[in-house]
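Contents: one structure, followed by commentary.
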2 protein chains.
Amino acid sequence: MNAKAETAGPRERLLLAAENLLYSRGGSVGVSALLEEANVARRSLYEHFGGKDGLVAAVLRRTADEDLAWYESALGDGDSPRGRLLALFDRLDELVSNADFRGCRYLAIDLAFADQDHPAHAETDAYRGRIRALLVRELEALGHARPEHAAEQLHLLIEGTLVMGATQNHQHPARVARELAAVVLDG
Amino acid sequence: MNAKAETAGPRERLLLAAENLLYSRGGSVGVSALLEEANVARRSLYEHFGGKDGLVAAVLRRTADEDLAWYESALGDGDSPRGRLLALFDRLDELVSNADFRGCRYLAIDLAFADQDHPAHAETDAYRGRIRALLVRELEALGHARPEHAAEQLHLLIEGTLVMGATQNHQHPARVARELAAVVLDG
DNA sequence: TTGCCAGTAGATCGATCGGTCTATATGGTA
DNA sequence: TACCATATAGACCGATCGATCTACTGGCAA
């Protein structure tokens, strides 16, 4: 797939393969498919991650860092606090307009693993907490009167955008959400 | 489970059991679990629905009618067009606050069956089209200047509410969404 | 009474699941 | 050189998947 994937060790190759296949094929993707995509021996998966559950959790722990970094960069720089948050929805518009966008990875994983004890759920919870904290931080920088409340509103708009983008991607839900986000910021 | 389920025929019992188990256990629920819950012979499932895929699609065709009726009743009666749409979010607050609320059934099914040719996807598409039509109709009754645009905004708020309710149900996303819905109606 | 048919019960099929196992190869280090 | 950790390749395990099959039962209509 890329040069890094070919030279990296089996652990890294497995993480990359699982990151891709879990997203494109869903949580029901089989272990054999992951091994084939990663070009890794079956035993290596269980040595490094203990099993499929551990691999899934490890993937989410990694993508959480990546996705948080994406949100940070999507906020732009130098703009006003208000412009930063609005710019986020411009980047979301690009994201969900991509042909292979398939919705929020963390929601899909939560729905795929019905068992509440699955280690993936702890990772998705932590991810959402970090997203929320990021929004609160920006709203406080903006001097918003109710940063926690506004963060929940923005979070709902983001999640709604991702769902609409996954199910009706011919529209532009991020633009629709951006208008409402502007109301939140000024409220 | 209820009196109707015990006296009804195998087709009806299968639909009821699948409606419940597909929601509570997800699309990966096994055929044997469905048969046991419905107290139906294995052969009957394939006689009536041709297979698991057909049963899933039939369940969605039924729940679409039920859920559309729920939205119609949630709109209330006698109120103003504006009050009707706001009342919908009050009912959504009750819905997502329920302890066994697990999110939007149609989104979960879409994510569970990655194969684009699965007959369930046609049902979920049709369902969303009917929801959208309902919102447009109400917005036109309200005399909204941009009913299609506002319907997309309300739809996004509804989907966002369902996601937030499924993943962070200790909060009240429907109340948060209701405030933004009011903005949409007055915009 | 006879025949039909929808239903039940459950064995069985091939495929696939996640996971464990043995055997072998390789590369770095004592 | 000898050793050991880490990797690969792939057979193998029991369990479960969706689906097909035979055998039997009960009720209803001709």
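To find a chain, count down the sequence lines: A is the first, B the second, and so on, and within it residues start at 1.
Between A/R128 and A/E123 no salt bridge is recorded (no basic side-chain N to carboxylate O distance below 4.0 Å). Under the 4.0 Å criterion applied to side-chain N and carboxylate O atoms, B/D93 and B/R175 are assigned as salt-bridge partners. A salt bridge links B/D186 to B/R82: at least one charged side-chain nitrogen sits closer than 4.0 Å to a carboxylate oxygen.
Side-chain nitrogen and oxygen atoms of B/S44 include at least one within less than 4.0 Å of the OP1 or OP2 phosphate oxygen of C/dT8. For the pair A/H48 and D/dT6, the criterion of a side-chain N or O lying under 4.0 Å from OP1 or OP2 is not met. OP1 and OP2 of C/dG7 both lie 4.0 Å or more from every side-chain N or O belonging to B/R13.
Candidate nucleotides C/dA11, C/dG18, C/dG7 were compared by shortest atom distance to the side chain of A/V31, and C/dG18 ranks first. Of the candidate nucleotides C/dG7, C/dG18, C/dT8, C/dT8 has the atom nearest to the side chain of B/A41. The listed nucleotides are C/dT8, D/dA19, C/dT20; the one nearest the side chain of B/V40 is C/dT8. Checked against D/dA7, C/dT20, D/dG18, the side chain of A/P10 finds its nearest nucleotide in D/dA7. Nearest nucleotide to the A/R43 side chain, out of C/dA23, C/dG18, D/dA23: C/dA23.
The CZ-C1' distance, from A/R11 to D/dT8, rounds to 19 Å in whole Å. Between B/L55 atom CG and D/dA19 atom C1' there is a gap of 14 Å when expressed in whole angstrom units. At whole-Å resolution of the value, CD in B/E36 and P in D/dC17 are 11 Å apart. Remark: C1' of D/dG18 and CG of B/D115 are 15 Å apart, rounded to the nearest angstrom. The interatomic distance linking A/L14 (CG) with D/dA7 (P) rounds to 10 Å, in whole Å. Straight-line distance from the CG atom of B/L34 to the C1' atom of D/dA19: 14 Å, rounded to whole Å. Distance A/E47 CD to C/dT22 P: 13 Å, rounded to the nearest Å. With rounding to whole Å, B/L35 atom CG is found 11 Å from C/dA9 atom P.
For B/E12 and B/H48, the side-chain atoms include no donor-acceptor pair closer than 3.5 Å. Side chain to side chain, B/S32 and B/R42 meet the donor-acceptor criterion of an N or O pair below 3.5 Å. Using modelled atom types, one finds no donor on one side chain facing an acceptor on the other under 3.5 Å when comparing B/Y106 with B/D125. With hydrogens and angles left out, the side-chain atoms of A/H155 and A/E159 include a donor and acceptor closer than 3.5 Å.
Comparing B/N39 and A/S28 by the nucleotide of DNA chain C that holds the closest heavy atom to each, the one mapping nearer the 5' end is B/N39.
Side-chain atoms of A/R42 and base atoms of D/dG10 include no donor and acceptor less than 3.5 Å apart.
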Give each protein N/O atom lying under 3.5 Å from an N/O atom of nucleotides 25-29 of chain C, with the pair distance.
none

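Considering every non-hydrogen atom in both A/E138 and A/P81, the closest pair reads O-CB, 4.5 Å.
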